[in-house]
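These notes concern the structure reproduced below.
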Amino acid sequence: MKRATILLTLLVIGTSAFAQIKDPKATEVWDPVPKKVTPGATNSAPPSDAIVLFGGSNLNEWASVNDKGAAKWDVANNIMTVKPGTGNIMTNRKFGDIQLHIEWRSPLVVESEGQGRGNSGVFLQGRYEVQVLDSYESRTYSNGQAGAIYKQSIPLVNATRPHDQWETYDIIYSAPVFNEDGIKVKSAYITVIHNGVLIQNHQEILGTTEYIGLPKNDAHGKASIILQDHSNTTSFRNIWVREL
Ligand code: MG
């Protein structure tokens, strides 16, 4: 720090409590010690404390939303792909606050435009959708494009890649809090990084994702992550989560 800056800082601090502290140790905090986590080999690989929800070989962590039986999407070449008509799939585990890494790719054959073009979705706690869509060069309503909190929050930028390339979402999600009367006392918040680009910045989630009408706020506890079957053959790979 330059001498002038130090003098200015001391002037600003003046007679505040900080000015009384002489020992540098007084402002050191040694506990708690953060738990050691071994990062993945790459920034997209699961770190040592992650729960792998899809590692490439099977859908053991997932179930069909329709009949609660085995998830019926296709698995091949280390990727899972929506099998249109089999319905949404849900994690067997239930989650509250999480960090989620998920990779997705739009259908290799372009099927349609707008909302019909590689539409899927990541539903946090089964209710709050981060849109998955081929939005590289396909216009739709802005709060329904890739990375939107569907019909609630437009992504800050469009970081979508061409449809035959893999995309990543890194999501930090804080669950809403309800009191004992079932009234929401704290909203859910979400941060989304799309292909390394911040697109939702600690964004408040207003309530459930609704296709028609306004968000709802019925009380709930921990809940599954749901991936959407929107009749498009969107693929996913390398899905892992860290509970926060
Ligand atoms: Mg969707």
Side-chain angles (χ1 to χ4, degrees), residues 53-54 59 62-66 71-74 79-91 95 98 100-171 173 188 190-195 197 199-200 203 205-216 223-237 239 241:
L53 295 176
F54 180 68
L59 294 174
W62 300 83
S64 164
V65 168
N66 287 345
K72 297 170 188 70
W73 291 10
D74 294 319
I79 68 176
M80 67 155 101
T81 301
V82 176
K83 195 172 185 179
T86 62
N88 298 347
I89 64 171
M90 58 190 276
T91 56
F95 298 102
I98 54 167
L100 173 67
H101 175 89
I102 187 163
E103 301 179 19
W104 57 274
R105 188 186 63 193
S106 293
L108 294 176
V109 177
V110 174
E111 294 168 317
S112 184
E113 287 296 319
Q115 290 292 308
R117 185 160 164 147
N119 195 332
S120 183
V122 180
F123 284 74
L124 285 313
Q125 297 197 302
R127 295 163 170 80
Y128 314 111
E129 183 185 19
V130 180
Q131 177 69 304
V132 168
L133 195 71
D134 176 5
S135 294
Y136 182 64
E137 284 176 343
S138 174
R139 188 81 176 96
T140 185
Y141 40 96
S142 299
N143 63 356
Q145 71 179 67
I149 310 307
Y150 186 75
K151 289 197 169 169
Q152 292 189 33
S153 176
I154 298 167
L156 296 169
V157 293
N158 180 353
T160 315
R161 293 186 170 124
H163 75 280
D164 55 351
Q165 297 183 24
W166 284 93
E167 318 254 351
T168 63
Y169 280 164
D170 287 285
I171 295 171
Y173 172 76
I190 190 164
T191 295
V192 182
I193 296 169
H194 182 187
N195 298 328
V197 180
I199 60 164
Q200 299 285 351
Q203 177 64 43
I205 296 177
L206 304 174
T208 53
T209 296
E210 301 293 335
Y211 178 51
I212 300 170
L214 299 175
K216 298 184 175 66
S224 300
I225 298 165
I226 288 178
L227 299 181
Q228 186 181 39
D229 170 7
H230 199 284
S231 303
N232 300 133
T233 53
T234 303
S235 296
F236 294 89
R237 71 178 184 189
I239 308 173
V241 66

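Just follow the structure's listing: the first ligand is 1, and inside any ligand the first atom is 1.
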- request: Verify the distance criterion only: is there a donor paired with an acceptor across the side chains of T168 and E103 at less than 3.5 Å?
  value: no

- line: Note, the Mg ion (ligand 1) has protein N, O or S atoms under 2.8 Å numbering 5

- line: Result for side-chain contact (heavy atoms from CB on, under 4.5 Å) between M80 and one of I89, T234, D74 points to I89

- prompt: Partners of R161 by salt bridge (Lys or Arg N to Asp or Glu O under 4.0 Å), sequence neighbours excluded?
  reply: none

- prompt: What residues form a salt bridge (Lys or Arg N to Asp or Glu O under 4.0 Å) with K72, not counting sequence neighbours?
  reply: D67

message: Applying side chain to side chain donor-acceptor pair (under 3.5 Å), can you list everything that pairs with S231, at least two apart in sequence or on another chain?
response: none

- line: Closest non-hydrogen contact found for D164 with R105 is O-CD, 3.7 Å

